[in-house]
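This report refers to the structure that appears directly beneath it.
As a basis for the values below, the full set of heavy atoms in this structure was taken, side chains included, without hydrogen atoms, waters or symmetry mates. Keep in mind the model is a prediction, meaning the values are calculated, not measured.
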Amino acid sequence: EKNGNAQKDSEKMTASGVDASENVPSGMTKSIADGNEPPTPNHCTSETNGASWESSTPLDLSPPSPVESLNFSLSHNPSGERKDEIIFHPTSHKTKVRKEENRTRKILTRTAAGLIMVSTFAFILWSGHIYVCMLIALLEALLFRELVRVRYSQNFDRIESAIPLFRTTQSMWFLLAIFYTYSDLAVDIVKANTSLHYLLPYAQQQMPVVDSTVVMVTILTLRIDHIKFQLNQICWTILVLMLTIGQLKYVMHNVFNGMFWFTFPTMMVIGNDVCAYVCGMTIGRKFIKRPFVKLSPNKTWEGFIGGGIITVIYGWYFSKWLAGYKWMTCPVTMPTFYPSKLTCDVNEIFLPAKYIVPAQVIELVPRALARMIPKMAEMCTTNVGGVCVLCDAGEPSHIHSHFVYSFTIIPIQLHSIALSTFASVVAPFGGFFASAMKRAYGLKDFDSFIPGHGGVMDRFDCQFLMMLCTWVHYNTFVKMATASVPKMLYMYNLLPEFEKKEFIQKIMELAKEN
């Protein structure tokens, strides 16, 4: 149509004995006579030098998708050739409003659910240590259920029809892991309480029959036709146990070492998650366009960096606030079902201490700038005796010696810097690993247990590494005494009779010397 005259082409085709109507697509009629009625708006018409091809089928111009609408119009150019114009209209106002409403509803839902979770968490903390441990056990069961269900849902038909006791063996592995993980905690509680030493014979016994039974049942359920699939499932179950039970092995130890060592790291991860979300939503991709992690495309550099900075600042003051409550700082050896006032000798890291900045560090700062720092003391020596005193600007005999700067903080605030930094830099990678699992199995969330947040795994995927790091940090930099009177009595009961007599004799000799 563009390169020729339609009427001339028609005449040539007629002269050659070819019927022009044969080359007209079905549903089209040819009209060349002058005075033809104009086509109706719901017909697709193409005109070229007086010839028109008119579609007898109405053209549907409804938008092909809710995102954008396409308007395709045909017109003439001055040379008589047809020019095709494609006009893209932007998203309709209604669609934009709907998106904003969905976004606002999602934020409100997440906020409401988050406030409910934090309030429930605070109530359980106030209720007592034993209820916190119950909460941890419940969360571990839910985490295990969500993760093993990922592959179970993908292969439901195959599992139900061919593999016996599939869910039963997974539950047995979970209970076995719980038994061996927290049996150490039970033994520690027995050691730390003289009133529980009567349980000593039971604490010393091992139960190899438990793990033997689990292994035997697992092997008996293997089927030759599905053995490769079943071995993969066993490996997946062990991986899930390592992620959940393995990394949370010492979380209950953190609770009994002092509620601070459970509350503070948990709130650091929650705070970092909230701060990173707000920073990413407000300034995300405005400074750094490069994607942060491809496994989680919604994460931004601005959210990661901004959330980390705010978390460190927030942790500095939050740790100071928690240090003022003995409910948070006192360790517990015997859990109770009713909250009661705790009394203990508070660890020195929770008490204010004075720190003096080394003079060599301050000398790196220009003197004029150092004198402007509040509470900075300048020490000078005198001509008489070389005594070091506070400098007096009007005294010519004073010669500058060094600067002295001291400040008072609670030592736990220095520990908070390390823990909050870990919560901001390392802990989020637990969430990235969870995102990789969801992407591998085509999941948006692990579950819909928490409105606006997904499943338990979606909320606690960053807590695993954080709890393990807290236990290592406590035992490396905080824990000082490794023995106590109840533990010594526990060890004494393990001795044979002749060693008990020798032990008592040595204790009496030490008492006489002192």
Evaluate whether atom [atom1] of [X] has more than 12 neighbouring non-hydrogen atoms of other residues, nucleotides or ligands under 6.0 angstrom away.
X      : atom1 : result
Tyr317 : OH    : no
Met134 : CE    : yes
Met281 : CE    : yes
Phe449 : CZ    : no
Glu499 : CD    : yes

Does [X] reach the side chain of [Y], with side-chain heavy atoms less than 4.5 Å apart?
X      : Y      : value
Ile189 : Thr333 : no
Met259 : Pro331 : no
Ser171 : Phe144 : no
Tyr250 : Leu185 : no
Arg459 : Asp273 : yes
Arg151 : Asn232 : yes
Asp211 : Tyr180 : yes
Met267 : Tyr314 : yes

About how many Å separate [atom2] of [Y] and [atom1] of [X], when rounded to the nearest 0.5 Å?
X      : Y      : atom1 : atom2 : answer
Met466 : Asn254 : CE    : CG    : 10.0 Å
Trp173 : Ile245 : CH2   : CD1   : 13.5 Å
Ile309 : Cys275 : CD1   : SG    : 11.0 Å
Tyr131 : Ile136 : OH    : CD1   : 15.0 Å
Met216 : Met172 : CE    : CE    : 10.0 Å
Leu239 : Cys235 : CG    : SG    : 9.0 Å

**Study point:** Cation-pi geometry met for Arg149 and Phe446 (6.0 Å, 45°)
**Key:**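 Negative - Arg149 is either too far from the ring of Phe446 or too far off its axis.
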
Point to revise | Ring-face cation contact, Phe407 with Lys375, 6.0 Å cut, 45° max | key: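 Geometry flag: not set, cation outside 6.0 Å or 45°.
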
Exercise: identify the closest heavy-atom pair between [X] and [Y]:
X      : Y      : result
Gly455 : Ile450 : O-CD1, 4.0 Å
Gln170 : Gln233 : NE2-NE2, 4.2 Å
Thr336 : Ile130 : O-CG2, 3.2 Å
Gly430 : Leu465 : N-CD1, 4.4 Å
Gly431 : Asp461 : CA-OD2, 3.4 Å
Cys279 : Gly306 : SG-C, 3.8 Å

Give a yes or no answer on whether the side chain of [X] reaches the backbone of [Y] with a donor-acceptor pair at less than 3.5 Å.
X      : Y      : value
Asn475 : Trp471 : yes
Glu146 : Val456 : yes
Trp301 : Gly284 : no
Gln463 : Val269 : no
Gln413 : Lys320 : no
Lys500 : Pro496 : no
Tyr405 : Ile356 : no
Lys228 : Ile224 : no
Arg110 : His453 : no
Gln247 : Met467 : no

Point to revise | Phe350/Phe260 aromatic ring centres below 6.0 Å | key: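 Yes; Phe260 has its ring centre under 6.0 Å from that of Phe350.
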
Practice item. Decide if the gap between the ring center of Phe432 and the ring center of Phe292 is smaller than 6.0 angstrom. Key: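 Yes, close enough.
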
Check your understanding: Taking it one step at a time, do Thr263 and Trp327 satisfy side chain to side chain contact (heavy atoms under 4.5 Å, CB included)?
Key -> CA-CA 11 Å; Thr263 306; Trp327 185 255; over 6 Å; no

Check your understanding: Among Leu139, Asp447, Leu143, which one satisfies side-chain contact (heavy atoms from CB on, under 4.5 Å) with Met457?
Key ->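 When side-chain contact (heavy atoms from CB on, under 4.5 Å) is applied between Met457 and each of Leu139, Asp447, Leu143, only Leu143 qualifies.
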
Whether the [X] and [Y] side chains hold a donor-acceptor pair (N or O, under 3.5 Å, no angle test) is what I'd like checked.
X      : Y      : answer
Ser420 : Trp316 : no
Gln230 : Arg223 : no
Lys326 : Thr329 : no

Exercise for review: Walk me through it: do Leu147 and Thr244 pass the test side chain to side chain contact (heavy atoms under 4.5 Å, CB included)?
Suggested key: CA-CA 9 Å; Leu147 289 175; Thr244 56; 3.9 Å; yes

Practice item. Decide side chain to side chain contact (heavy atoms under 4.5 Å, CB included) for Phe304 and Val293; before the verdict, give the C-alpha distance in whole Å, the side-chain angles of both, and the deciding distance to 0.1 Å. Key: CA-CA 10 Å; Phe304 182 75; Val293 177; over 6 Å; no

Review point. Out of Glu140, His253, Lys249, which one pairs with Tyr182 under the side chain to side chain donor-acceptor pair (under 3.5 Å) rule?
Key: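 Of Glu140, His253, Lys249, side chain to side chain donor-acceptor pair (under 3.5 Å) with Tyr182 is met by Glu140 alone.
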
Check your understanding: Sequence neighbours excluded, which residues qualify as side-chain hydrogen bond (donor to acceptor under 3.5 Å, both in side chains) partners of His415?
Key ->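 side-chain hydrogen bond (donor to acceptor under 3.5 Å, both in side chains) list for His415, sorted by chain: His473.
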
**Study point:** Partner of Tyr474 under ring-ring contact (aromatic ring centres under 6.0 Å, His included), chosen from Phe256, Phe264, Trp261
**Key:**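 Per the ring-ring contact (aromatic ring centres under 6.0 Å, His included) rule, the option paired with Tyr474 is Trp261, out of Phe256, Phe264, Trp261.
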
Point to revise | Audit row: Met437, Leu443, side chain to side chain contact (heavy atoms under 4.5 Å, CB included) steps and yes/no | key: CA-CA 8 Å; Met437 287 194 292; Leu443 301 175; over 6 Å; no

